[in-house]
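Notes follow once the structure below has been shown.
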There are 2 protein chains.
Amino acid sequence: MNIGTAAQKSGLPAKTIRYYEEIGLVHPHRAENGYRAYSDADLHRLRFLQRSRGLGFSIDECRLLLSLYENDSRASADVKELALAKIGEIDRKIAELRSLRKTLSALAANCHGDDRPDCPIIDDLAGT
Amino acid sequence: MNIGTAAQKSGLPAKTIRYYEEIGLVHPHRAENGYRAYSDADLHRLRFLQRSRGLGFSIDECRLLLSLYENDSRASADVKELALAKIGEIDRKIAELRSLRKTLSALAANCHGDDRPDCPIIDDLAGT
DNA sequence: GTTAGTGCTTCCAGTCACTGGAAGGTCAAG
DNA sequence: CTTGACCTTCCAGTGACTGGAAGCACTAAC
């Protein structure tokens, strides 16, 4: 199938699929007219990438996951470790965002928010 | 003061300060030897940037905040609006991360995590 | 047979907010 | 006078795409 069809079926933009080829994540062969020709296995890889990227794995992590996916003698522990590490990362990000939110909403709560110029948010940013 | 001192006092790397100048956020004048010379006002701007960036505002938002900071006739409502919009953004990001976390931890919980190859995480990514 | 329109190709540049490094000028201490 | 820290500019790279231009390839309609 052509790249447009592969894009539709994988949920990835064609541009992204070409980019994934450029960085060695997929290797479709070419039709006689020079068009990329995607096999079902290629499509599986693309779908796999779409999902794992959607779960927040970096390209390099996806590369690793793909190699585990295609390695029949993988240990599930390896995959689980990656998933748990990612969960830890997510937890750290959530904590950071929550702390940011707390600061910002405290500032916003103190700001009367009318047409007068005095504003505790600005004051705080200015460090005064 | 020189860039090194400004860096120390603002908490920003010198590289970043030069970058901020390049994109027009600060305009230090130059000493006779060509070194950047930062006034106290410049330092205030840098500190302001350090804080607002730390609160998750984009460079363009910081630019806007700076202009409000230096506009004595600003309306505090403008600043508050920006802060509240940012809080909304943070909330959306937290929700997204929480949903990711839920998916990932459900997957990880189902994975026995030993040296056998069968792994529900991989199965899910593969869409099987 | 020609034309229009869509889809494919490559390549280059831009995004965001820096960060690293090379090559070279300047300054203060010893 | 040398050493080493600090400063300068410029160029390139990061991650993961995304946009756009220029130019083939294919299909359907007229």
Side-chain angles (χ1 to χ4, degrees), chain A residues 1-39 42-43 45-66 86 89-90 93 96-97 100, chain B residues 1-39 42-43 45-66 86 89-90 93 96-97 100:
Chain A
M1 85 196 73
N2 285 347
I3 198 170
T5 314
Q8 228 176 353
K9 293 201 178 183
S10 66
L12 291 167
K15 273 272 185 193
T16 301
I17 296 179
R18 283 194 205 97
Y19 171 69
Y20 284 175
E21 181 178 350
E22 194 186 320
I23 62 174
L25 285 175
V26 260
H27 311 280
H29 47 91
R30 300 296 180 115
E32 290 191 352
N33 58 10
Y35 287 16
R36 288 168 180 82
Y38 293 87
S39 66
D42 291 329
L43 184 58
R45 287 179 76 93
L46 291 174
R47 283 221 187 97
F48 188 100
L49 285 165
Q50 197 270 334
R51 283 168 209 232
S52 42
R53 287 288 300 131
L55 281 175
F57 290 98
S58 73
I59 289 287
D60 270 355
E61 286 164 339
C62 289
R63 209 184 290 275
L64 180 52
L65 282 169
L66 260 182
K86 188 52 65 177
E89 241 177 74
I90 291 174
K93 275 188 201 162
E96 196 184 342
L97 286 174
L100 274 178
Chain B
M1 86 197 71
N2 285 346
I3 198 170
T5 314
Q8 228 176 351
K9 292 200 178 184
S10 67
L12 291 167
K15 274 274 185 190
T16 301
I17 296 179
R18 282 193 205 97
Y19 171 69
Y20 284 174
E21 181 178 350
E22 195 186 319
I23 62 175
L25 285 175
V26 261
H27 311 280
H29 46 94
R30 299 296 180 115
E32 290 191 351
N33 57 13
Y35 286 17
R36 288 166 178 85
Y38 293 88
S39 67
D42 291 330
L43 184 57
R45 287 179 76 92
L46 291 174
R47 282 220 188 97
F48 188 100
L49 287 166
Q50 196 271 332
R51 284 171 210 231
S52 42
R53 287 289 299 130
L55 281 175
F57 290 98
S58 74
I59 288 287
D60 270 354
E61 286 165 339
C62 289
R63 209 184 290 275
L64 179 53
L65 282 170
L66 260 182
K86 187 53 65 175
E89 240 177 76
I90 291 174
K93 275 189 202 162
E96 194 184 345
L97 285 173
L100 275 179

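Reminder, nothing fancy here: chain letters follow the sequence lines and each chain counts from 1.
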Less than 4.0 angstrom from a charged side-chain N to a carboxylate O is my criterion; do B:D60 and B:R63 meet it?
yes
Once you round it to whole Å, what is the distance between C1' of C:dT19 and CD1 of B:I17?
14 Å
Does A:Y20 reach the side chain of A:I59, with side-chain heavy atoms less than 4.5 Å apart?
yes
Sub-4.5 Å side-chain heavy-atom contact between B:L46 and B:K9
no
For the pair made of CD1 in A:I59 and C1' in D:dG13, what is the distance, rounded to whole Å?
17 Å
Would you sort out whether B:C62 and B:R53 count as a side chain to side chain contact (heavy atoms under 4.5 Å, CB included), showing the intermediate values?
CA-CA 7 Å; B:C62 289; B:R53 287 289 299 130; 3.7 Å; yes
At less than 4.0 Å, is any side-chain N or O atom of A:R36 found next to OP1 or OP2 of C:dT9? Yes or no.
yes
Nearest-Å distance for atom pair CG/P, residues B:L12 and C:dC18
8 Å
Toward the 5' end of DNA chain C, which comes first, A:A37 or B:S58, by nearest nucleotide?
A:A37
Please tell me if the side chains of B:E21 and B:P28 come closer than 4.5 Å, counting only heavy atoms from C-beta onward.
yes
Among D:dA16, C:dT10, C:dA17, find the nucleotide with the atom closest to the side chain of B:Y19.
C:dA17
Less than 4.0 Å between a side-chain N and a carboxylate O, is that true for A:E89 and A:K86?
yes
Is there a side chain to side chain contact (heavy atoms under 4.5 Å, CB included) between A:F57 and A:L64 once you walk through the steps?
CA-CA 10 Å; A:F57 290 98; A:L64 180 52; over 6 Å; no
In whole angstroms, how far is the C1' atom of D:dA5 from the CD1 atom of B:I3?
15 Å
Using a cut-off of strictly less than 4.0 Å between a heavy atom of the residue and any atom of DNA chain C, enumerate the qualifying residues of residues 23-30 of chain B by number.
none
Using a 4.0 Å cut-off on protein heavy atoms (strictly under), produce a 5'-to-3' string for nucleotides 22-30 of chain C with B for base contact, S for backbone-only sugar-phosphate contact, and - for none.
---BBS---
Rounded to the Å, how far apart are B:M1 CE and D:dC6 C1'?
16 Å
Round to the nearest Å and state the distance from B:L46 atom CG to C:dA17 atom P.
17 Å
After noting the C-alpha distance and the side-chain angles of B:N2 and B:T5, does the key distance pass the side-chain hydrogen bond (donor to acceptor under 3.5 Å, both in side chains) rule?
CA-CA 6 Å; B:N2 285 346; B:T5 314; 5.9 Å; no
In terms of side-chain geometry, is the basic nitrogen of B:E22 or B:R36 positioned less than 4.0 Å from the acidic oxygen of its partner?
no
Which one, D:dC7, C:dC18, C:dC8, comes nearest to the side chain of B:Y20?
C:dC18
From CD of A:E21 over to C1' of C:dC11, roughly how many Å is that when rounded to an integer?
14 Å
Check every atom of D:dT9, D:dC17, D:dT18 against the side chain of A:R53 and return the nucleotide holding the closest atom.
D:dC17
Quick one: is B:R18 getting a side-chain N or O under 4.0 Å of the D:dC6 phosphate, OP1 or OP2?
no
